[in-house]
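Shown next, in structure tokens, is the structure this report addresses.
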Protein chains: 2
Amino acid sequence: MKMNEGVEWAMHSCVNLSWLPGEAVTAKRLAAFYNLPTAYLNKQLQALARAGIVSSISGPKGGFQLARDPRKISLLDIVVAIDGADDAFRCTEILKAGPGANPKADYVKTCQISRAMRAAELTYRRELAAQTIADIAEQVLAEHPDAPDNTRSHFANLTV
Amino acid sequence: MKMNEGVEWAMHSCVNLSWLPGEAVTAKRLAAFYNLPTAYLNKQLQALARAGIVSSISGPKGGFQLARDPRKISLLDIVVAIDGADDAFRCTEILKAGPGANPKADYVKTCQISRAMRAAELTYRRELAAQTIADIAEQVLAEHPDAPDNTRSHFANLTV
DNA sequence: GAAAGCCTACTCGGATACTTCTTGTCCGAGTTCATCAGG
DNA sequence: CCTGATGAACTCGGACAAGAAGTATCCGAGTAGGCTTTC
């Protein structure tokens with residue numbers, strides 16, 4: 001069980017974008033910031049755009065920017081946008097193949113194992129839903145007060 | 001992000017084994033119970049054996065049985081045994097490639113995004129660690145009081 | 001000199017290969033039990 | 001009749017393919033701005 005690597009990239013990129021409000025940043029520049037493969041990061045940003053987390057602009061002077069307030073973008077939003085909304089544990093209702101099975105029963109909901117696994121994933125998602133990009137940015141700011149300015153100047157000095 | 005399908009099979013099989021204490025059940029019979037592919041279920045049971053969750057006996061009259069009290073087997077134990085102990089979210093420390101990075105810093109622990117993701121997974125694992133095979137069996141028993149007897153008789157009547 | 005049209009350069013977007021992991025299968029090592037030969 | 005060795009059948013165990021998903025890349029559709037041409 002492993003999550004898409006793009007989730008990490010997307011989260012860091014969103015934090016960076018939160019420090020460049022109203023500015024369209026190209027995928028090339030976002031990738032150069034962390035030495036990431038441009039085309040692949042672009043793919044992740046497209047997924048964020050489809051989910052309505054960032055807005056994209058084509059052409060020269062184009063790029064990506066946050067589509068809404070960072071306080072309204074949770075880590076779960078990003079995970080769902082890139083990694084999909086499906087649960088990691090997939091109940092295939094094997095009880096249906098067992099003895100004494102009720103063909104009309106919804107074992108996804110009634111099977112105790114399925115319930116326990118889904119409950120655990122629910123707490124996981126709740127944790128992620130409670131953390132926003134703004135929260136992360138605030139925590140970074142508390143530890144490194146000059147991080148936003150450094151980020152902005154680094155983007156300004158990028159040659160690509 | 002998807003979890004190994006074998007996790008579901010292993011959990012159901014462990015519950016069944018908890019109702020057949022002291023009896024060695026072959027992978028073939030456990031697979032027949034839910035119409036699962038025998039060889040593949042065998043592979044999962046091997047993983048459980050390596051993790052010390054079940055004990056295996058070779059040869060005729062051989063098979064698998066729980067290696068310890070079902071109250072001491074958590075759902076997390078099974079997930080770890082089959083799906084591995086690694087976190088789903090892998091922090092690759094992309095901050096190291098960014099500007100102003102400290103080469104000696106351990107960003108897995110200090111990066112706020114990494115911390116948030118790991119904290120969420122921790123709650124997930126805690127939930128799973130709190131649920132045991134005995135708990136599941138008890139919940140099933142409460143809803144279907146005759147489940148253990150039905151399971152035992154079905155295993156007894158299996159032709160394979 | 002000003003305005004309109006064209007052209008170039010640059011961006012995102014989706015379609016396309018490649019690698020890794022999950023899924024599924026097979027045959028060998030080891031063990032138990034039944035059988036058979038010998039005392 | 002009893003004891004021991006032998007062989008066959010059955011089990012787990014790890015090594016071996018097939019398929020799906022994640023990873024990485026490329027080229028086309030569309031746009032903004034600058035340049036040229038014309039009035």
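Order of the sequence lines sets the chain letters (A, B, ...), proteins ahead of strands, with each chain counted from 1.
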Inter- and intrachain pairs under ring pair (Phe, Tyr, Trp, His ring centres under 6.0 Å), touching residues 89-122 of chain B, at least two apart: none
B:Asp77 side chain to B:Ser74 side chain, donor-acceptor N/O pair below 3.5 angstrom: yes
Joint hydrophobic cluster, B:Phe155 plus B:Tyr34, side-chain heavy atoms closer than 4.5 Å: yes
Centroid separation A:Tyr40 to A:Trp9 less than 6.0 Å: yes
Atom-pair distance (CE on B:Met3; P on C:dC21), nearest Å: 17 Å
Salt-bridge contact B:Lys2-B:Asp83 (side-chain N to carboxylate O under 4.0 Å): no
d(CG, A:Leu48; P, C:dG14) in whole Å: 13 Å
Side chain of A:Lys43 (C-beta onward), nearest among C:dT16, C:dG14, C:dG24: C:dT16
Heavy-atom contact window of chain A on DNA chain D, given 5' to 3' at under 4.0 Å: D:dG22 to D:dA32
First encountered from the 5' end of DNA chain D, between B:Arg29 and A:Ala39: B:Arg29
Earlier contact from the 5' end, DNA chain C, for B:Gln44 and A:Lys61: A:Lys61
Which residue lies more 5' along DNA chain D, comparing A:Ile57 with A:Pro37 via nearest heavy atoms: A:Pro37
Sugar-phosphate, base or nothing in reach of B:Ala27, heavy atoms under 4.0 Å: sugar-phosphate
Taking every non-hydrogen atom, the tightest pair across B:Gly6 and B:Ile82: O-CD1, 3.7 Å
Gap between atoms CG and P, on B:Asn42 and C:dG30 respectively (whole Å): 17 Å
Sugar-phosphate, base or nothing in reach of B:Leu45, heavy atoms under 4.0 Å: nothing
Nearest-Å distance for atom pair CG/P, residues B:Asn4 and C:dT22: 5 Å
A:Tyr40 OH to C:dT16 P, straight-line distance once rounded to whole Å: 18 Å
A:Arg125/A:Asp87 ion pair, N-O < 4.0 Å: yes
Sugar-phosphate only, base, or nothing, as touched by A:Gly6 at under 4.0 Å among non-hydrogen atoms: nothing
Shortest side-chain distance from A:Arg50, nucleotide among C:dG14, C:dT16, C:dT25: C:dG14
Phosphate OP1/OP2 of C:dG13 contacted by A:Ser56 side-chain N/O (<4.0 Å): yes
Distance, rounded to the nearest Å, where B:Glu8 contributes CD and C:dT23 contributes P: 11 Å
Between C:dA15 (C1') and A:Gln46 (CD): distance, integer Å: 11 Å
Between C:dC10 (P) and A:Phe64 (CZ): distance, integer Å: 18 Å
